[in-house]
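For clarity, every value in this text was computed on a predicted model and none was experimentally measured.
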Amino acid sequence: MAPLATPPYRSGLLVVQSLRRKQCAACRRGPLSLLVLEDGAPRCLDCADLGHLVFLPRGDTALTRRSREESGLSAVVVRFNRRKGRYERQGVLVEEAGLARAEERCLADAEARRRRRARDARRRAAEDARFAEAFAAEILRLYPGCPADRARAIAGHASARGSGRVGRSAAGRALSEGAVISAVVASVRHVDTPYDQLLMSGVARHEARRRIAAGVETALRGWRGAGAEDVG
């Protein structure tokens, strides 16, 4: 194993994951999976007075930081990467009690984050419900003949969070008349005409729209009354 002439970490204790079968220079135990170099000679963790520490692999930054904060004694564990020609951090050795306290702190944070996510989800759900209600009200203003449950269904579909539909666009969020009309037209097209069946049978989209345009306009006229013209 190449000597640690220049340790990769300049502060604190350093423990090496051995790549070769090394024996402790003091007690002769081996092979050692973890060792400490003292004056170039390998020492086992017990002989280096680190045997009571437990290994925490890298990966959880918060847990590692808190474990070191909670431990009166800790050490960084490194391993030599032959391909890259350098030592790389593998984790830390910390006191078992310190690790337990750190885990409790992280669990408390996780619970706090869970509660915050739950609160945020309830807030978003309330916002979405209010927006869908406003969208449905705008549908009924433009199409007073539209059944109320259908207006709510159109609004809920068009404004579903993360759907990318017209209700989630900037125009939709502003309840612009064009966005509301687009949502209603799309609903009529898919629900009240054979448009989907035409697409499934291989009819091109523009041709399918042309074929059902009259049916869309008839349905909208029944809902609209004396309003502006809609295009199917």
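- With hydrogens and angles ignored, the 3.5 Å screen pairs a side-chain donor or acceptor of Arg58 with a backbone N or O of Arg89.
- Side chain of Ser182 to main chain of Gly178: a donor-acceptor pair is present (N/O by atom type, distance under 3.5 Å, no hydrogens or angles).
- Salt-bridge check for Glu207 with Arg210: passed, with a basic side-chain N closer than 4.0 Å to an acidic carboxylate O.
- Put simply, the side chain of Val180 does not reach to within 4.5 Å of the side chain of Arg141, judged on heavy atoms.
- Under a 3.5 Å cut-off, the side chain of Arg165 and the backbone N or O of His157 do form a donor-acceptor pair.
- One distance of note links CD of Glu138 with CD1 of Ile181; it measures 9.0 Å at 0.5 Å rounding.
- Note that CH2 of Trp223 and CG of Asp192 are 5.5 Å apart. Values are rounded to the nearest 0.5 Å.
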Inset, instruction - Let me see the working for Leu93 and Leu45 under side chain to side chain contact (heavy atoms under 4.5 Å, CB included), right down to the final yes or no. - result: CA-CA 10 Å; Leu93 291 173; Leu45 295 186; 4.0 Å; yes
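- Taking the charged nitrogens against the carboxylate oxygens, Asp120 and Arg117 have no contact shorter than 4.0 Å, which rules out a salt bridge.
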Inset, instruction - Apply side chain to side chain contact (heavy atoms under 4.5 Å, CB included) to Val78 and Gln90, showing your working. - result: CA-CA 5 Å; Val78 297; Gln90 302 302 308; 5.7 Å; no
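- Shown here for Ala151 and Ile139, the closest heavy-atom pair between the two residues is O-CD1, 3.6 Å.
- Counting only heavy atoms from C-beta outward, the side chains of Leu37 and Leu14 never approach each other to under 4.5 Å.
- Ser71 places a side-chain N or O within donor-acceptor distance of the main-chain N or O of Glu95, the cut-off being under 3.5 Å.
- Arg150 is not listed as a side-chain neighbour of Tyr143, based on a closest heavy-atom distance of 4.5 Å or more.
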Inset, instruction - Evaluate the side chain to side chain contact (heavy atoms under 4.5 Å, CB included) criterion for residues Arg123 and Glu127: first the C-alpha distance (whole Å), next the side-chain angles of each, then the deciding distance (0.1 Å), finally the verdict. - result: CA-CA 6 Å; Arg123 174 182 52 78; Glu127 290 174 352; 3.2 Å; yes
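- Two residues are said to be in side-chain contact when any heavy atoms from C-beta on lie closer than 4.5 Å; Leu35 and Cys24 fail this criterion.
- Val191 and Val188 end up in different hydrophobic clusters when Ile, Leu, Val, Met, Phe, Trp and Tyr side chains are linked at under 4.5 Å.
- To the nearest 0.5 Å, atoms CD (Glu103) and CD (Glu70) are separated by 11.0 Å.
- Note on Leu175: it clusters hydrophobically with Val185, by side-chain heavy-atom contacts below 4.5 Å among ILVMFWY residues.
- Val36 and Leu73 end up in the same hydrophobic cluster when Ile, Leu, Val, Met, Phe, Trp and Tyr side chains are linked at under 4.5 Å.
- Between Cys106 and Leu63, the closest side-chain pair of non-hydrogen atoms falls below 4.5 Å.
- Remark: Gln23 CD is packed, more than 12 non-hydrogen atoms of other residues, nucleotides or ligands lying under 6.0 Å away.
- Note that OG1 of Thr193 is 13.0 Å distant from CD of Glu217, once rounded to the nearest 0.5 Å.
- Criterion: ILVMFWY side-chain heavy atoms under 4.5 Å apart, direct or through other members. Under it, Val166 and Leu220 are not part of a common hydrophobic cluster.
- Checking side-chain atoms of Ser187 against main-chain N and O of Val184 turns up no donor-acceptor pair under 3.5 Å.
- Checking side-chain atoms of Glu88 against main-chain N and O of Arg86 turns up no donor-acceptor pair under 3.5 Å.
- Taking the charged nitrogens against the carboxylate oxygens, Glu111 and Arg114 do have a contact shorter than 4.0 Å, which makes a salt bridge.
- Across Thr64 and Pro57, no two heavy atoms sit closer than the pair OG1-O, 4.4 Å.
- Considering all non-hydrogen atoms of both residues, Phe131 and Ser159 come closest at CE2-CB, 3.3 Å.
- Annotation: the span from Arg79 atom CZ to Ser33 atom OG amounts to 11.5 Å, rounded to 0.5 Å.
- Salt-bridge formation is not detected for the pair Arg66/Glu104: no Lys NZ or Arg NE/NH1/NH2 atom is positioned less than 4.0 Å from an Asp or Glu carboxylate oxygen.
- Under the 4.5 Å side-chain criterion, counting only non-hydrogen atoms from C-beta, Pro42 is not in contact with Ser18.
- Note on Leu140: it does not cluster hydrophobically with Leu142, by side-chain heavy-atom contacts below 4.5 Å among ILVMFWY residues.
- Contact annotation: the side chain of Val76 approaches that of Arg68 to within less than 4.5 Å [non-hydrogen atoms, C-beta and beyond].
- The two residues Arg205 and Leu199 have their closest heavy-atom pair at CA-CD2, 3.7 Å.
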Legend entry - Asp128 and Arg168: CA distance, side-chain angles, deciding distance, salt bridge (charged side-chain N to carboxylate O under 4.0 Å, His left out) verdict: CA-CA 10 Å; Asp128 290 349; Arg168 302 307 301 187; 3.7 Å; yes
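- In terms of heavy atoms, Ala48 sits closest to Arg43 at CB-CB, 4.4 Å.
- Atoms CZ and CZ, on Phe135 and Arg173 in that order, are 10.5 Å from each other to the nearest 0.5 Å.
- Among all heavy-atom pairs drawn from Leu32 and Arg29, the shortest one is CD2-O, 3.5 Å.
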